[in-house]
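This report concerns only the one structure given below.
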2 protein chains.
Amino acid sequence: MKKMAHDLIPDVLNDRCPSRAVLNHVTSRWGVLILIALQDGTLRFSALRRRIGGVSERMLAQSLRLLEDDGFVRRTAHPVVPPHVDYDLTPLGYEVAAKVHALASLIEGNLGQIIAQRKT
Amino acid sequence: MKKMAHDLIPDVLNDRCPSRAVLNHVTSRWGVLILIALQDGTLRFSALRRRIGGVSERMLAQSLRLLEDDGFVRRTAHPVVPPHVDYDLTPLGYEVAAKVHALASLIEGNLGQIIAQRKT
DNA sequence: ACGGAAGTACACACATTTTTGTAAGTATGA
DNA sequence: TCATACTTACAAAAATGTGTGTACTTCCGT
């Protein structure tokens, strides 16, 4: 007799679902911005850093590695000195970036109202 | 001679743009899940807590207040004892929730591949 | 009938965990 | 000396969890 499937359907509302971790990577403070920035094309590490206001080298490197591990970002290192590394989105990365960008744009577009109606 | 506008266009890539904070609220660990959970309709505090696996009372209350302040969630308290409080989405909240949900679904749908191709 | 337990929607103090920032170091060419 | 693309150690800041209290009501057993 077969056992029933119990975790075959990913669900972020479920504490144990690994989709939680992936979602956290893309919705993380810098992950979101990296995806948005890379939508316009390939960027190298320091260009990306200049593009994303306020990110430290440490956090940029760390966030990039998470997104790379999840398969949203591709890292291409050219073995030259000084170092030259390019970052761009994978096909899946583009899809994710599009959704994230849509969300960010919606917020940007309604920012006036959001701030205006705040009491605090 | 007129001064040029400098911060009229919200931009999340800009460190000083207030859209950053709002984006962080909706993409926060529990904010995302609250929005997704409330898409199905009104829920009370403890029902919401049961729906979202792993959230503590403290974090749920805190995250709800941020989303309420930003105008995405509406809180309706019935002055009875024991307390009865309903939470649901505002029109803008629905729009935001839809985008967040789309993102989460995309990740859920590709979770298999994401995990499969991981080296770490 | 009476004590006790559970449910409700939080707030608050405190401790711990996680995240994030800072500064320094690396090897080399322009 | 600066720029490149990081890494690592250390420190500070932020997020999160835990346990307690509240002001009742309803349900339970005895």
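Predicted model, so just to flag it, every value in this text is computed and none were measured. Residue numbers start from 1 in every chain, and the chains themselves are labelled A, B, ... in the order their sequence lines are given, proteins ahead of strands.
- To the nearest 0.5 Å, atoms CD1 (A:I36) and CD1 (A:I52) are separated by 9.0 Å.
- A search for side chain to side chain donor-acceptor pair (under 3.5 Å) contacts involving A:R58 returns nothing, not counting sequence neighbours.
- DNA chain D is contacted by no residue of residues 31-43 of chain B, taking any non-hydrogen atom closer than 4.0 Å.
- Contacts between chain B and DNA chain C, taken as any atom within less than 4.0 angstrom of a protein heavy atom, begin and end at C:dG7 to C:dA13.
- With rounding to the nearest 0.5 Å, the separation of CZ in B:F72 from CD1 in A:I114 is 3.5 Å.
- Using cut-offs of 30° and 60° on the angle between ring planes, the pair B:F45 and B:Y87 is tilted.
- Non-hydrogen atoms lying under 4.0 Å from DNA chain C are contributed by A:G54, A:S56, A:R58, A:M59, all within residues 48-60 of chain A.
- Interface residues of residues 72-90 of chain B facing DNA chain C, ordered by number: B:R75, B:P82, B:P83, B:H84, B:V85, B:Y87; criterion, heavy-atom separation under 4.0 Å.
- Comparing A:F45 and B:S63 along DNA chain D, the residue whose closest nucleotide (by nearest heavy atom) sits nearer the 5' end is A:F45.
- Near DNA chain C, defined here as any heavy-atom distance below 4.0 Å, there are no residues from residues 19-28 of chain A.
- Linking Ile, Leu, Val, Met, Phe, Trp and Tyr residues whenever their side-chain heavy atoms come within less than 4.5 Å leaves B:I107 and A:I9 in two separate clusters.
- With A:S28 contributing its side chain and A:H25 its backbone, the two residues share a donor-acceptor pair below 3.5 Å.
- The CD1 atom of A:I34 sits 13.5 Å away from atom CD of A:Q39, with the distance rounded to the nearest 0.5 Å.
- B:L43 and B:L66 are assigned to two separate hydrophobic clusters, defined by single-linkage of ILVMFWY side chains at heavy-atom distances under 4.5 Å.
- Residues A:S63 and A:W30 come closest through the heavy atom pair OG-CB, 3.7 Å.
- The minimum heavy-atom distance linking A:D69 with B:R118 is given by the pair O-CG, 3.0 Å.
- Within the structure, the salt bridge (charged side-chain N to carboxylate O under 4.0 Å, His left out) test picks out the following pairs touching residues 84-94 of chain B (sequence neighbours left out): B:R74-B:D88.
- Of all heavy-atom pairs spanning B:C17 and A:L111, the tightest one is SG-CD2, 4.2 Å.
- Between B:R75 and B:V85, the shortest heavy-atom contact is CG-CG1, 3.6 Å.
- When the ring-ring contact (aromatic ring centres under 6.0 Å, His included) test is applied to A:H101, no partner is found at least two apart in sequence or on another chain.
- Here salt bridge (charged side-chain N to carboxylate O under 4.0 Å, His left out) pairs that include residues 20-45 of chain B, with residues two or more places apart or in two chains, are B:D15-B:R20, B:D40-B:R51.
- Both A:L89 and A:L48 are members of a single hydrophobic cluster when ILVMFWY side chains are connected at heavy-atom separations under 4.5 Å.
- Within the model, atoms CG of A:L23 and CG of B:L33 stand 7.0 Å from one another, a figure rounded to the nearest 0.5 Å.
- Between chain A and DNA chain D, the heavy-atom contact criterion of under 4.0 Å yields a 5' to 3' nucleotide range of D:dT4 to D:dA9.
- Minimum interatomic distance between B:E108 and A:P10 (heavy atoms only, all atoms of both residues): O-CG, 3.3 Å.
- Of all heavy-atom pairs spanning B:G71 and B:L92, the tightest one is O-CB, 4.4 Å.
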statement: With both pairing distances under 3.5 angstrom for Watson-Crick or G-U wobble, and | for a partner in another strand, the correct string for DNA chain D is ||||||||||||||||||||||||||||||

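- Take A:D11 and apply the side chain to side chain donor-acceptor pair (under 3.5 Å) test, not counting sequence neighbours, and it matches no residue.
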